[in-house]
Engineer: 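The structure follows.
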There are 2 protein chains.
Amino acid sequence: MKNIDVCLSPDLIHLYDLRDKTAVVVDILRATSCMTAGFANEVQHIVPFAKLEECKKMRDQGYLIAGERNGQKVDGFDLGNSPFDYMDQSVKGKSIAVTTTNGTLAISKSLDASKVVIASFLNKTAIANYLRGVEKDIVVVCAGWKGKFNLEDTLFAGALVESLKDFARPSCDAPMAAQALYNQAKDDLYDFLKDSSHAQRLQKFNVTEDIKFCLQEDKFEVVPVLNGKEIVDLKRV
Amino acid sequence: MKNIDVCLSPDLIHLYDLRDKTAVVVDILRATSCMTAGFANEVQHIVPFAKLEECKKMRDQGYLIAGERNGQKVDGFDLGNSPFDYMDQSVKGKSIAVTTTNGTLAISKSLDASKVVIASFLNKTAIANYLRGVEKDIVVVCAGWKGKFNLEDTLFAGALVESLKDFARPSCDAPMAAQALYNQAKDDLYDFLKDSSHAQRLQKFNVTEDIKFCLQEDKFEVVPVLNGKEIVDLKRV
């Protein structure tokens, strides 16, 4: 059996040794759900940036630029942080530079891992199948919200622990708690999450459809992986 | 309504503003359960220390010394970290200097709060009643295990959120998740926890009776509070 652990916030990443492990980065609402949707829509590359200005400069190199801060699209950017933005015909075949509040930070803090993969409910089973093939210990890195624990990323972590229970054992309490929460919530994830802090924050921006979309399991089969500084679909590595 | 938040690990305490709030420190297995049991057994004061050597020196001032590292009693100390140590007749009326792996650190990181109280399942309702009287926002500070999330402290946090649901609303996702876990586990806390990492760690030391004892709700009515550097029963402040 391999081991699976869950880092509930990027602010706890110092407690995890990612070397020789696969890091599974998750920001369900909405960065990694967007990336999954984008690759399913034949996006070429996605390059994450921590800073808005660095991201913006990529437009000169032919990239579309996607920017979100505090749940809202950044003025002047081509895309916001809605999965529907990433599924538009105009995005097909393009490369995207992206910066978000939490998701890009979680990726940058996971670089010690031997492989970084990008996961969401939308490609849960594709990710689980990939991880079975890699045969390494796994750490799910939840993006959280500005360092704090969040419910939707933890639920996804629990879904992955549940999917892999014949392959990887929980190596600490966090994966066990995440799994228990997922099993409690799985029949109606939206109902379980609708009072959560980020869902409430997003509902103010009228993105209920985004939330419902991001909570669908196994809509896509892509496996986005970090390759150098770019995220690409595994089929293209 | 007041607000209740939960800090899942002392390593996340920088994300919480404790000023003008009540901090509820919890280390179910076993530091705060021991303290609760001790005050129920008429211990006078308990003084927490981060370092073994500082704790040891207190013997010269007439204190009993209690020390635990990695779940085991420190050689040469009067008490370990079992609640039964704190309930012995020889401890009645005495003062105790204590150092533990996680609990004393959680206390020292909570000093910005306007009041620090020491909670466990053993005095849950006494603590809830105290908090209703204080009328301040609440942050439950889970001691965790060496910075990591743990299940037993989170379950207690959830129990307190549940007890206070007509008085304080969850201000973030952590209290909501803790409450959901507690409601799932409450009919048999021991069964839910028995596979958790710390319970497994402790079972190696044959302390199953300690664990079962620490998971009993409302056995005692004491309310230990930090008063300067000393923890005392509220009745003695």
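Remember, predicted model here, so these are calculated numbers, not experimental data. Just so it is clear: chains get the letters A, B, ... in the order the sequence lines come, proteins before strands, and each one is counted from 1.
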Engineer: Just give me the residue among A/Leu193, A/Leu181, A/Asn150 that pairs up with chain B most often, heavy atom to heavy atom, under 4.5 Å.
Structural biologist: A/Leu181
Engineer: With rounding to the nearest 0.5 angstrom, report the CZ to CE distance, A/Phe149 to B/Met176.
Structural biologist: 9.5 Å
Engineer: Can you tell me how far the NZ atom of B/Lys148 sits from the OG atom of A/Ser171, to the nearest 0.5 Å?
Structural biologist: 6.0 Å
Engineer: Just so I understand: if I count every heavy-atom pair under 4.5 Å between each of B/Cys172, B/Ala185, B/Ala180 and chain A, which residue has the most?
Structural biologist: B/Ala180
Engineer: Where on B/Asp5 is there a heavy atom nearer than 4.5 Å to chain A: the side chain, the backbone, both, or neither?
Structural biologist: side chain
Engineer: More than 12 foreign heavy atoms under 6.0 Å from NZ of B/Lys73: is that the case here?
Structural biologist: yes
Engineer: More than 12 non-hydrogen atoms from neighbouring residues, nucleotides or ligands closer than 6.0 Å to CG on A/Asp75, yes or no?
Structural biologist: no
Engineer: With only heavy atoms counted, which part of B/Leu8 is less than 4.5 Å from chain A, the side chain, the backbone, both or neither?
Structural biologist: side chain
Engineer: So which residues of residues 9-29 of chain A are in contact with chain B at a heavy-atom cut-off of under 4.5 Å?
Structural biologist: A/Ser9, A/Asp11, A/Leu12, A/His14, A/Leu15, A/Tyr16
